[in-house]
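See below for the structure under consideration.
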4 protein chains.
Amino acid sequence: MTKGSAAVGAATTVQRRAARPRADALRNRERIVTAAREMIVEHGTEVPLDEVARRAGVGNATLYRHFPDRDDLMGYVVLSVMDRIAALVEEALAEDADAFDGLRRFAHAAVDERIGAICPMLSAAFSEDHPDLLATRDRLDSGVRTIMERARAAGQLRDDVTVGDLLVSLTQLTRPLPGTCCVGNDRFVHRHLQLFLDGLRAPARSVLPGEAVTLEALRGC
Amino acid sequence: MTKGSAAVGAATTVQRRAARPRADALRNRERIVTAAREMIVEHGTEVPLDEVARRAGVGNATLYRHFPDRDDLMGYVVLSVMDRIAALVEEALAEDADAFDGLRRFAHAAVDERIGAICPMLSAAFSEDHPDLLATRDRLDSGVRTIMERARAAGQLRDDVTVGDLLVSLTQLTRPLPGTCCVGNDRFVHRHLQLFLDGLRAPARSVLPGEAVTLEALRGC
Amino acid sequence: MTKGSAAVGAATTVQRRAARPRADALRNRERIVTAAREMIVEHGTEVPLDEVARRAGVGNATLYRHFPDRDDLMGYVVLSVMDRIAALVEEALAEDADAFDGLRRFAHAAVDERIGAICPMLSAAFSEDHPDLLATRDRLDSGVRTIMERARAAGQLRDDVTVGDLLVSLTQLTRPLPGTCCVGNDRFVHRHLQLFLDGLRAPARSVLPGEAVTLEALRGC
Amino acid sequence: MTKGSAAVGAATTVQRRAARPRADALRNRERIVTAAREMIVEHGTEVPLDEVARRAGVGNATLYRHFPDRDDLMGYVVLSVMDRIAALVEEALAEDADAFDGLRRFAHAAVDERIGAICPMLSAAFSEDHPDLLATRDRLDSGVRTIMERARAAGQLRDDVTVGDLLVSLTQLTRPLPGTCCVGNDRFVHRHLQLFLDGLRAPARSVLPGEAVTLEALRGC
DNA sequence: TATGAATGAGTTTTCATTCAT
DNA sequence: AATGAATGAAAACTCATTCAT
């Protein structure tokens, strides 16, 4: 938008400040992140970047042009997953269902987005100062907070559970068991997630030890 | 046991054909497994075997003499952890406390044995036909089954949770977050485990999806 | 010269078939060579060409349009330095000072033009058949020859030293020590150059071994 | 020696402190350093380490076992050359010839050991804290100092030239011209070295600018 | 024409595993 | 039996050069 109008008058002068992100480059970027996400889900976080590049249909150096090193790429994979998860929680909020059911549906949907497979990179990602990442984290944080508050207001959620508690537990419970193909893993994850969510609904039996977990607290850890 | 008595009687000077488990060889074996377990807990499952050997105070070739390849060593690490976990459940059974409390104490103790750190290797390990592993698995299975049945008999445990459900959830919840030092992780694990256990105690809210998880079912997956 | 006059007359709007050295294209060419020279001085001859292009404020493909490959660019860098050195010697000849002093001033001025940093490319450059390079080499050769002859006529320069001897020695003595920042190097170069020049002034103590070095002899070597 | 006698009594206990450097390993180490030196002389300091390994007749990983990274290997190459140069100066001191002639013979011999080819790494090497390197540097320093003092005492060497001045100039003057095969280079080096040495012998014409160069001063630069 | 993007070949380094003492 | 050494295959990353806008 701004881009468009700026370009109209400025095509001749040197001032081409931040340049337009070329269409094919954007497509490649997207393809690389997608390929990386898929391969992480299928083969774990140790995938060779050359394989990712091949899957994306680009040369390895193209990958490195877009993402200077492994961590950088991983940051963007995490960002893309967090973005999708944030969208899911916002969708769940939009539907006017039973409060706890919304929470439950969100959680299972997040699992289907393979949030667990990305987990090993989450803590690292939260340590980054990447502004986009922080923004998305806050968006996710606030969405989940809202959905939890609604359930809590309806008396459907124990008091001492935080956003961080939920997301970390959810993520951990659904992490792939290495050596296990995805499909094998899927036999458990929804089951155990259900079990866990049922527990959240029940009244507190005991005082939770440790500090309440917040997404901010995950940083620098 | 057999091992112990064999070692006692075999310390003669004569060279016997096969299977002479020399005392120092046994000690080395033990040291290697211990070193491997510690390093996995501290640095993840990707530790170079040379590092393990150094930590064990033996040459790398000695490691390979005892464990033909990486998987073999890992199998024994898993075995040793399972052995300790099995012992823990047996201890918990021996104490005559409140039934659910026994279960809870066992679970938290298992976490302190870093069961979560070994997790990534569990499914692989269960795929082996190693007889020792199967025996220990059965011992663990039956111990946990018993402690769960006691709690269930006391009306303290929902009906549809299996041994596999418990062990897999427990292990997943306490897996280290890579990039996170152990100590960082410890801030959550007991908290989330408590949360999960509280849920187990409550009456079932919903029907668990998926098949009930048994330790046998983990094999070949 | 020829270049200059051509540019003057060609700034019309009509598109001519071949060779239309557009003003901005010439400016880019100049900027690229300058950037290359500066970066070589600062970071050695291994600078990535992309860096050179960035420093010049042009795209990398523009660099390649002007200079088909690395060697070609380097040839022009050498040419530009040789051109400056040739100008320096001509300046020194114009001043009417003591003959040896002129030679000395020229040498120190050449060092300040970083002739030593370009050195690694000189022999390669001399191997080219590039006509501009040969012309400039001859100009330099004759300038230095003249200044040396004047000193020799005044009895201030030993007989057996050639233009090539002087230029090669001068260049070698002032080559940057890789791993050493420029400034570190500068602590020595003028000192050692002085030492060397003092030696040139003294009567010959011994017969110089090897063949007398001429600039032509540097070719194809 | 110590090794031998210690081994006699200690073969059984664990105390094998620093172990004996195995014969074949030593040979490989030597071969790698030699290959590296040769290839640096022939192809410059940028030689791929895989090529060095191939030339040494060992696998690349063997090279890395002995020298953890490029700098480490280079440090030892420099050490080996400095060691040979130090030996040369000691030999020159042992012969009772004319003082300046000893200095001259040493210088030309050092050139034949390709001291110039190693030059680009010298300043880096002097920044290292490697104790062996420092020891050898001091040995070289003191040898050259002695030979210079003898010449100075005989009135054959100008007063203001230091050990560092000599070694740096000598090294610079004989650096290979990249792009030039060794043999091409050899046409000049002895000639220009002679020229330089002749200058050292003459009385000082002018005051040398800059600080006097010492080998210590090369450190950290 | 000028440019950002793409790319494959090359370099450094690591590690599971085998070999020789 | 125990060990240090050796090794090749792989993985991360770089760069000169070509392509497409």
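Convention: sequence-line order gives letters A, B, ...; per-chain numbering from 1.
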Please give, in whole Å, the distance from F:dA11 C1' to A:L73 CG? 15 Å

So B:H66 and B:T62, do their side chains get closer than 4.5 Å, heavy atoms only? yes

Judged by nearest nucleotide, the residue sitting upstream toward the 5' end of DNA chain F, D:N28 or C:P48, is D:N28

Taking only N/O atoms, report every protein-nucleotides 17-20 of chain E pair under 3.5 Å with atom names and distance.
residue: E:dT17; atom: OP2; partner: B:R70; partner atom: N; Å: 3.1

Can you measure from OG1 (D:T45) to CD1 (D:I40) and round to the nearest 0.5 angstrom? 7.0 Å

Nearest-Å distance for atom pair CZ/P, residues D:R54 and F:dA9: 13 Å

To the nearest angstrom, how far is A:E30 atom CD from E:dA5 atom P? 15 Å

Verify the contact: side-chain N or O of B:H66 to OP1 or OP2 of F:dA1, cut-off strictly under 4.0 Å; return yes or no. no

If you define the side chain from C-beta out and look only at heavy atoms, does anything of C:V33 sit under 4.5 Å from C:F67? yes

Dot-bracket for DNA chain E, 5' to 3', with Watson-Crick and G-U pairs under 3.5 Å, [ ] for crossing pairs and | for other-strand pairs: what is it? .||||||||||||||||||||

Contacts of A:V58 and B:V47 projected onto DNA chain E by closest heavy atom; the upstream (5') one is A:V58

Who pairs with C:Y64 by side-chain hydrogen bond (donor to acceptor under 3.5 Å, both in side chains), at least two apart in sequence or on another chain? none

Measuring to OP1 and OP2 of F:dA5, would you say a side-chain N or O of D:T62 lies under 4.0 angstrom away? no

For C:R31 and E:dT1, what is the distance between atoms CZ and C1' respectively, to the nearest whole Å? 15 Å

Report the residue (D:R29 or B:L63) whose heavy-atom-nearest nucleotide on DNA chain F is the more 5′ of the two. B:L63

Crowded around D:E51 CD? As in, over 12 foreign heavy atoms under 6.0 Å? yes

Which residues pass the salt bridge (Lys or Arg N to Asp or Glu O under 4.0 Å) test with D:R27, not counting sequence neighbours? none

Could you list the residues that satisfy salt bridge (Lys or Arg N to Asp or Glu O under 4.0 Å) with C:R55, not counting sequence neighbours? C:E38, C:E42

Whole angstroms only, please: what is the CD1-C1' distance between B:I32 and E:dA16? 15 Å

Once side-chain hydrogen bond (donor to acceptor under 3.5 Å, both in side chains) is applied, do any residues pair with A:E46, and if so which ones, sequence neighbours excluded? none

Integer-rounded Å distance: F:dC15 P and C:H43 NE2: 13 Å

When you measure from the centre of the six-membered ring of A:Y76, is the NZ or CZ of A:R29 under 6.0 Å away and within 45° of the axis? yes

Nearest whole angstrom, please: distance from the C1' of E:dA16 to the CE of B:M39. 16 Å

Regarding the side chain of B:R65, the nearest nucleotide among F:dA2, E:dA2, F:dA12 is F:dA2

